[in-house]
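All values derive from a computational prediction rather than experimental measurement. By convention in this document, chain letters (A, B, ...) are assigned in the order of the sequence lines, proteins followed by strands, and residues within each chain are numbered from 1.
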Amino acid sequence: MKDNVIIETKDLCKYYLGGKLKALDGVNATIDKGEVVVVIGPSGSGKSTFLRSLNMLEIPTKGAIYYNGNQVNSKKTNINLHRQKMGMVFQHFNLFPHMTILRNMTIGPMKLLKKSKAEAEAKAMELLERVGLADRANAYPSQLSGGQKQRVAIVRALCMEPEVMLFDEPTSALDPEMVGEVLDVMKTLAKEGMTMVCVTHEMGFAKEVADRIIFMADGQIVEEGTPEKMFEAPENPRTKQFLQCIL
Amino acid sequence: MQEWMTSMKARFFLNLVKDNRWKYLADGLVVTLKVTFFAVLLGILIGMVVASIRATRDKTKETMRPGIGKAILAFLDWLCRAYLTVIRGTPVVVQLMISYYLIFASSNNKVLIAILSFGINSGAYVAEIMRSGIMSIDEGQTEAGRSLGLNYVQTMVFIVLPQAFKNILPALANEFIVLLKETSVSGYVALQDLTKGGDIIRGRTYDAFFPLLAVAAIYLVLVMFFSWLVSLLERRLRKSER
């Protein structure tokens, strides 16, 4: 295995209904350190399932996931420790509504990284500052707009100082005028060298930021390559058809 | 009119003042409050345990790795369901009498037996209220907690339960109001609670009016006071909403 590979999946499968529904059907993928990978594909193609299985929110039916060479879906792996290294951002933000923004961000570091309150809050404030939400630190999630919520969700994940960030359609639930502010945060993150795996329908973002695009259909990777190759000269007819529909 | 007032005054005196008869009500009230209070505590305790087992089983049935842990959980879940079926399927008076005349026949600590009976009874209802609260919280909350690296118990304690509690508060308050009034059947095992106290007075004076209305008024005031406390708590918890 190459040194710079951080995540690798081998023959990853996820079946539902006793095998009748194959959400993932033999996915082999690698993700390098510092790489920004965008996963695209039609609805039901398994892209979210793929992303969620990387931090074991979906437990694979068979196959293997390796993280830094260690198998993740094995009994020996401490799944909670693994998840600490993988930040995740959800379509519906999933902020904790009963906590202030600041508390949303500090609960992980305080409970898991054993940081002091002051330490965790300093880090949280620094991150909030960067996404322009420092003045909302003591607000509750219900008092924020969708775009603000998603920016908070991103920095909440960053508070755990993850090595990889997973984005599961982070802009799909946003009003159009709020998509930009979230994508800007993601772009900055990508420029800083964060390893990112994004499931998204934002093709502009994919073109501009992605190092590599993976196209999935029917639970399999149909085609992958650089944005130039994928958008200018896709080879597979499935890919061509999909891109025609959305571009 | 004058005559009627005089007669009412006399009846009031006869039923509540003479021979310190009000003391039956006062002593009965203490018993009722004692039984209710400890039965509520016991009910919450049982409810929490049963709801945790049932909700954990519901949530992890598909994802938990097969093994001894899963088998134990399945057995505990079965036990909880059996408990719910039996307790919710039989009247509380019958349960109280079974406790007093059969299970604890050798004991004559009526207050304790009443606490256990009502507590075990209430636990079944509290358990299902709590489970409904846990299941009402969006799965995304659990996923967000777990994706940060919190384990199942931490996610439950810090993320799910505080939100669930807020949602179930009205139903929970309802259950405790019902429980307070349900203890009025304690007289069946000759425990002198508030209702029984009023009944004793009625037996002495052959006058039902004042004892029964006094008892009813006391229950009403208790429930109104309790409802007021709960509304204060609800308002406090609603702080994070707009």
Side-chain angles (χ1 to χ4, degrees), chain A residues 16-17 51-52 54-61 73-75 78-101 103-113 138-144 152-153 156-162 165-166 168 173, chain B residues 56-73 130 132-170 172 232-242:
Chain A
Y16 292 103
L17 308 170
L51 190 79
R52 289 160 55 83
L54 295 181
N55 71 350
M56 293 287 278
L57 284 181
E58 302 286 350
I59 295 167
T61 313
N73 57 334
S74 116
K75 275 183 185 169
N78 181 336
I79 196 64
N80 297 317
L81 278 177
H82 171 67
R83 284 177 179 147
Q84 286 181 25
K85 295 180 217 142
M86 300 212 145
M88 178 135 187
V89 176
F90 300 87
Q91 182 177 359
H92 296 288
F93 330 126
N94 296 349
L95 296 178
F96 308 133
H98 59 304
M99 298 177 184
T100 62
I101 301 309
R103 181 77 182 136
N104 261 279
M105 295 174 68
T106 55
I107 182 160
M110 282 171 69
K111 300 292 172 198
L112 300 168
L113 306 179
N138 291 312
Y140 284 93
S142 63
Q143 296 162 326
L144 267 52
V152 169
R156 175 176 71 179
L158 290 177
C159 273
M160 290 297 292
E161 292 164 15
M165 285 287 283
L166 308 175
D168 190 2
Chain B
T56 305
R57 171 72 177 160
D58 283 355
K59 277 169 168 275
T60 61
K61 204 171 180 176
E62 312 292 317
T63 53
M64 202 172 175
R65 289 175 183 139
I68 184 84
K70 190 166 188 175
I72 292 174
L73 186 60
M130 287 183 172
S132 76
I134 293 169
M135 302 316 266
S136 76
I137 302 304
D138 182 47
E139 195 54 34
Q141 291 290 311
T142 309
E143 286 181 354
R146 296 305 302 270
S147 77
L148 285 175
L150 298 169
N151 64 32
Y152 180 81
V153 174
Q154 287 171 320
T155 306
M156 270 304 199
V157 171
F158 300 123
I159 314 291
V160 177
L161 292 182
Q163 297 181 57
F165 180 71
K166 195 162 71 177
N167 289 354
I168 63 171
L169 199 57
L172 216 48
L232 284 189
L233 184 59
E234 257 182 79
R235 215 173 311 155
R236 244 192 66 128
L237 289 175
R238 227 180 290 138
K239 202 174 47 179
S240 60
E241 287 161 26
R242 244 185 306 194

So, the part of K85(A) with a heavy atom under 4.5 Å from chain B: the answer is neither

Next item on the list: Indicate yes or no for a side-chain donor-acceptor contact from Q141(B) to the backbone of L95(A) under 3.5 Å, with no hydrogens or angles considered.
Entry: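 Side chain of Q141(B) to backbone of L95(A): a pair is present.
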
- Query: For F158(B), does its backbone N or O pair with a side-chain atom of H98(A) as donor and acceptor, under 3.5 Å?
  - Reply: yes

query: Is it the backbone or the side chain of Q154(B) that comes under 4.5 Å from a heavy atom of chain A, or both, or neither?
result: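 Only the side chain of Q154(B) comes within 4.5 Å of chain A.
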
Under 4.5 Å between any side-chain heavy atoms of [X] and [Y], yes or no?
X	Y	result
N151(B)	I79(A)	no
Q163(B)	P97(A)	yes
R83(A)	L150(B)	no
F90(A)	S147(B)	yes
R146(B)	N80(A)	yes

message = A quick test of your reading: do over 12 heavy atoms of other residues, nucleotides or ligands sit less than 6.0 Å from NZ of K61(B)?
response =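 No, because the 6.0 Å sphere around NZ of K61(B) holds 12 heavy atoms or fewer from other groups.
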
- Query: Around L17(A), counting heavy atoms of other residues, nucleotides and ligands shown, do more than 12 lie under 6.0 Å from its CG?
  - Reply: yes

Query - Top contributor to chain B interface from V89(A), L166(A), L112(A) [non-hydrogen pairs under 4.5 Å] - result: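 The candidate making the most pairs under 4.5 Å is L112(A).
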
Given R52(A), M160(A), K111(A), the one with more heavy-atom pairs under 4.5 angstrom with chain B than any other is K111(A)

TODO: To the nearest 0.5 Å, tell me how far F96(A) CZ sits from I137(B) CD1.
DONE: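 Reported value, rounded in 0.5 Å steps: 12.0 Å.
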
What pair of heavy atoms forms the shortest contact from R156(A) to A144(B), and how long is it?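 Nearest pair, atom of R156(A) first, then A144(B): NH2-CB, 3.5 Å.
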
Go through M99(A) and I159(B) one step at a time and tell me if the side chain to side chain contact (heavy atoms under 4.5 Å, CB included) criterion holds. CA-CA 9 Å; M99(A) 298 177 184; I159(B) 314 291; 4.0 Å; yes

